[in-house]
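Small disclaimer: the values here were computed from a predicted structure and weren't measured.
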Amino acid sequence: MDKPHDYDPPLAGVRILDLSRGPMTAVGRLLADLGAAVTQVHLRGVTEQPAESVGVDADSVAIAINRHGVGTDVLDPSLPADRRRWVQLLAGTDILIEDTRPGSDAEKALSVREIRVEHPGLVVLSISDFGRDTSYRGWQATTPVLHALTSELSRSGIPGREPLVPPAAQLPYHMAAAQAAVMTVSVYLDRLRTGDGDLIDFSILEGAMQTLDPPYGTAGTASAGVALSAQRRDWNAERLRYPIIACKDGHVRICLLAKRQWHGMFEWMGQPEQFADPSFDRLRVRFSSPELMAAIGRFCAGQTRAELEIAGQRHGVPTAAVLTLAETLGTAQVEDRGYFHEIDLAPGISAPVPAGVVEIDGHRANALNVSETATAARIEVAPRLADRPRRDEGLPLEGVRVLDLGVIVVGSDTGRLFGDLGADVIKIENSAFPDGLRGNLTSMSQTYAAGHRNKRSIGIDLRTPDGRALAHRLVTMSDVVLTNFKPGVAETLGMDHRTLRKVNPGIVVVDSSAFGPTGPWAKRMGYGPLVRAAAGFTDLWVYPDEPESFCDTVTVYPDHVAARIGALGALALLLRRERSGAGGAVSVAQSEVMLSHLAAEIAADVLVRRGHQPSPHPIHDAPWGLFPAAGEDRWLAVTVRDDADWRALCEVIERPDLSADEQLATRAGRDAHRDQVDEAVRAWTSQRPATEAMGLLQAAGVPAGAALHAAEVAEWDYYVQRRAFREELHPHADEPFTMENVQIHSDRIADPPLRQAPLLGEQTREIAAELLGLDDSEIDELIAAGVLEVPQSSQLAGR
């Protein structure tokens, strides 16, 4: 691809050594695409050089994608010259990524704590499946195990059947990688201010739990007031939340959450008298009406997907065709955005891969966009942020100010990440267009409290010239502005980057939308489930050989991970600002975030269709999947990766006959007799509680995980030891909320502060006086004119 001459990669000058292997190499990919100089290091005694690929499969292709454009260094520390070279590399490095197994010889040989003593300015990202600071540090994970222990499986699949593992073979690792990248860059930014490095103890399980579909996070409007932690698989409710309707040439998914959307549907259907009663304005009434869904089904049956999409958008009813992945890749939107480009994954082997998951200043953030002649000096200090006042709470983003205009899940989470890491986050809102997560403006829901803690709220009507002027004054004293409106809305409100950079040349503006700011779908109404349908994900989230068993509705993916991508882009631009003085723009398309998680599957399929030899090995060893445990709707993920795991499994389930069976001695043999293997495991798991069986298998080294229900997550001992959750009593709620707690486990970073989510405009007077310099009479006048807004005094009683 052509390299733009005016593009300054935000992480240029940042030097990273990456010792990681496997799917978590996705962290290095994210940072390399933002311009960091990433070098893969093979360190004898610590890492092993990867085996040469013998065929095409998604896992090996994923590694090739993650390592594309990344330099390689092979060292043997037992040799004096290589030892000196290793020390020199460390001395010139900003970030070290490693994933040695806790308790292993490799962990001892690397000895990251000794490295930290010798290189105190180094930021070390130490990755492991379960972290290194609990009694679970020796446990091991796989994709099904991670999905089980995050509670995702409790919301995926048809009740009465085994839970359904979501598509994308490495999905939880992509989630964890985004979380790890945000935390690492925030800590590195703080190192530039303080001179002190840090050691981050990062758990893949915890990162996946926080980023895929957090059980105590923001749940979105489709939850109909039911906290995610209280939800379980409900096939009928799932199909009503964002209905998938059969039509002439496939299926479409529609959204009827808001009253205005229902009114649009009612008009579109010709105002049927059967549904004219005003009670249908209520979400719960519509959800509980099988007659309504049947009528909509009859209405759509004779029309094509394209016809329904066009008419739905025209009537204000968000509508999206349920596309196959191949159909998605052939859409005008994907082609117009130029999202895929051909790269060489190995000599003589090329395939299409995503051109970066985020846009910076209108350019794809991809390592290929870095000019060979472009150079950037290593950043040693942060001159712009170094002198900012701090609260001395031990948080990396103290002194950074963020204006948060985001709404619903993506908007809430992006700002909340900054707030949890110490930034002063000011949410700008107005009761005429409240955040859809708020619900009742005089009370507090768990989902709003989870997404808007550690923020202040100022009520400003941005539709007025005076309101925009006040917001622009706040921009002059801020670092980041967050938006996730439909393209065009920020411009109308005067809060887009083109406008704001004239107000503050150093401002960083993030915009997140369903399909991106350009292309024929740019202005489509988009909600997560509709984006999943249009991006080919819904069509994949089905049981094998059951193409209409769509099971993706309850999840809020990709909202939380898209928030991390937006936050990562903003942090990277704050780093660039320290060396260049200029701000910048970040643009995230949620559909493209999803496609990036399927990149390996897409590329592997293309390679096979082009005649490359597929892997001769089965995709998974056996057993590999979900098995019933004792009790109602209790399940256990059991996964065998190799012969050693198989022998350990046979010993745990007391089946020496299986271990001795030569037909089952190899992966291919076990795959050929999968039914026999699964039946033996099922007989054992069904007689035991899931957590007990999990513990026995993990103690033997076999990755296994109980499929936790969301309400059980906070009380599981692992998360208790990791201080993953806390309970708070909000003064505007009737009962305590369980909230996420620790974001970064490290030597220097404190737990997030305990500032509770505000009512709309709760800090208007405080912010107007402190930052805008207004006196009481000026504030009163602006409130009377409707430019500023505060809660009623009665709402603040007892606050």
Side-chain angles (χ1 to χ4, degrees), residues 156-158 164 166-168 222 235-257 261 264-265 268-270 290 292-337 339-340 514-515 519-555 557-558 589-592 594-595 597-598 601-602 605-606 609:
S156 179
I158 298 174
L164 181 60
W235 181 242
N236 292 323
E238 285 184 21
R239 300 206 295 178
L240 288 170
R241 294 171 192 270
Y242 288 91
I244 294 178
I245 311 295
C247 61
K248 191 174 182 178
D249 60 348
H251 295 81
V252 294
R253 174 173 264 164
I254 63 175
C255 174
L256 294 177
L257 295 176
Q261 293 162 350
M265 188 78 231
W268 186 13
M269 294 172 67
L292 174 59
M293 290 300 110
I296 293 175
R298 291 190 297 271
F299 175 74
C300 295
Q303 303 179 67
T304 67
R305 293 179 295 179
E307 291 169 342
L308 290 166
E309 279 186 321
I310 293 170
Q313 297 286 331
R314 187 172 65 245
H315 285 86
V317 180
T319 307
V322 179
L323 301 178
T324 65
L325 185 56
E327 288 174 329
T328 295
L329 299 178
T331 61
Q333 181 67 13
V334 172
E335 293 180 1
D336 185 87
R337 298 263 303 154
Y339 186 54
F340 286 86
F515 301 104
W521 293 3
K523 294 193 176 182
R524 274 194 179 188
M525 293 175 283
Y527 293 81
L530 276 76
V531 181
R532 289 197 298 272
F537 227 87
T538 297
D539 182 72
L540 294 172
W541 204 320
V542 295
Y543 286 94
D545 303 319
E546 297 182 46
E548 297 184 16
S549 58
F550 308 113
C551 290
D552 70 314
T553 303
V554 171
T555 182
Y557 169 81
Q590 295 162 35
S591 59
E592 293 172 356
M594 277 190 279
L595 288 175
H597 300 154
L598 291 166
E601 284 87 347
I602 292 168
D605 179 66
V606 168
R609 286 192 282 108

Q: List for me each residue that meets side-chain hydrogen bond (donor to acceptor under 3.5 Å, both in side chains) alongside Y339, sequence neighbours excluded, and say none if there are none.
A: none
Q: Output all residues satisfying side chain to side chain contact (heavy atoms under 4.5 Å, CB included) with C255, sequence neighbours left out; order by chain, then residue number.
A: Y242, L257, Q261, P318, Y527, L530
Q: Evaluate the side-chain proximity of D336 to P520: yes if any heavy-atom separation is below 4.5 Å, no if none is.
A: yes
(Q) Set out, in order, the CA-CA distance, both residues' side-chain angles and the distance that settles side chain to side chain contact (heavy atoms under 4.5 Å, CB included) for E601 and L540, then state yes or no. (A) CA-CA 12 Å; E601 284 87 347; L540 294 172; over 6 Å; no
Q. Got a sec, which residues hit side chain to side chain contact (heavy atoms under 4.5 Å, CB included) with A301, two or more places apart in sequence or on another chain?
A. none
Q) Does any pair with a residue in residues 296-320 pass ring-ring contact (aromatic ring centres under 6.0 Å, His included), and if so which ones, sequence neighbours excluded? A) W268-F299, W268-H315
Q) side chain to side chain contact (heavy atoms under 4.5 Å, CB included) with P547: which residues, sequence neighbours excluded? A) none
Q: For R337, enumerate each residue passing the salt bridge (Lys or Arg N to Asp or Glu O under 4.0 Å) test, keeping only those at least two apart in sequence or located in another chain.
A: E359, E592
Q: Report yes if the side chains of E548 and I244 come closer than 4.5 Å at any heavy-atom pair, otherwise no.
A: no
Q: Report the residues that fulfil salt bridge (Lys or Arg N to Asp or Glu O under 4.0 Å) with E309, sequence neighbours left out, ordered by chain and then residue number.
A: R524
Q. Taking atom CD1 of I310 and atom CD of Q303, what is their separation to the nearest 0.5 Å?
A. 11.0 Å
Q. Can you check side chain to side chain contact (heavy atoms under 4.5 Å, CB included) on D552 and R253, steps first, answer last?
A. CA-CA 12 Å; D552 70 314; R253 174 173 264 164; 2.8 Å; yes
Q.
To check you understand the geometry: which heavy-atom pair defines the closest contact between C247 and C300, and what is its length?
A. CB-O, 3.4 Å
Q.
Could you tell me if the side chain of D605 sits less than 4.5 Å from the side chain of L325, heavy atoms only?
A. no
Q. Can you name the nearest heavy-atom pair linking S549 to Y543, along with the distance?
A. OG-N, 3.0 Å
Q) By side chain to side chain contact (heavy atoms under 4.5 Å, CB included), which residues pair with L323, not counting sequence neighbours? A) R305, A321, E327, T328, T331, W521
Q) Between T304 and D249, do the side chains contain an N or O donor and an N or O acceptor separated by less than 3.5 Å? A) no
Q.
Please check: side-chain N/O of S591 versus main-chain N/O of V531, any donor-acceptor pairing under 3.5 Å?
A. no
Q. With sequence neighbours excluded, what pairs up with T319 under the side-chain hydrogen bond (donor to acceptor under 3.5 Å, both in side chains) test?
A. none
Q) With sequence neighbours left out, what residues match Q313 under side-chain hydrogen bond (donor to acceptor under 3.5 Å, both in side chains)? A) none
Q. What's the shortest heavy-atom distance between F515 and A589, and which atoms?
A. C-CB, 3.6 Å
Q | Approximate separation, where rounding is to 0.5 Å, of I158 CD1 and L164 CG | A | 8.5 Å
Q: For E546, check salt bridge (Lys or Arg N to Asp or Glu O under 4.0 Å) against everything at least two apart and list the hits.
A: R161
(Q) Restricting to non-hydrogen atoms, name the atom on P243 and the atom on M293 that form the minimum distance, rounded to 0.1 Å. (A) CG-SD, 3.7 Å
Q) For the atom pair CG (L308) and CD1 (I254), what is the distance rounded to the nearest 0.5 Å? A) 9.0 Å
Q.
If you take the centroid of each ring, where Trp contributes its six-membered ring, are F550 and H251 closer together than 6.0 Å?
A. yes
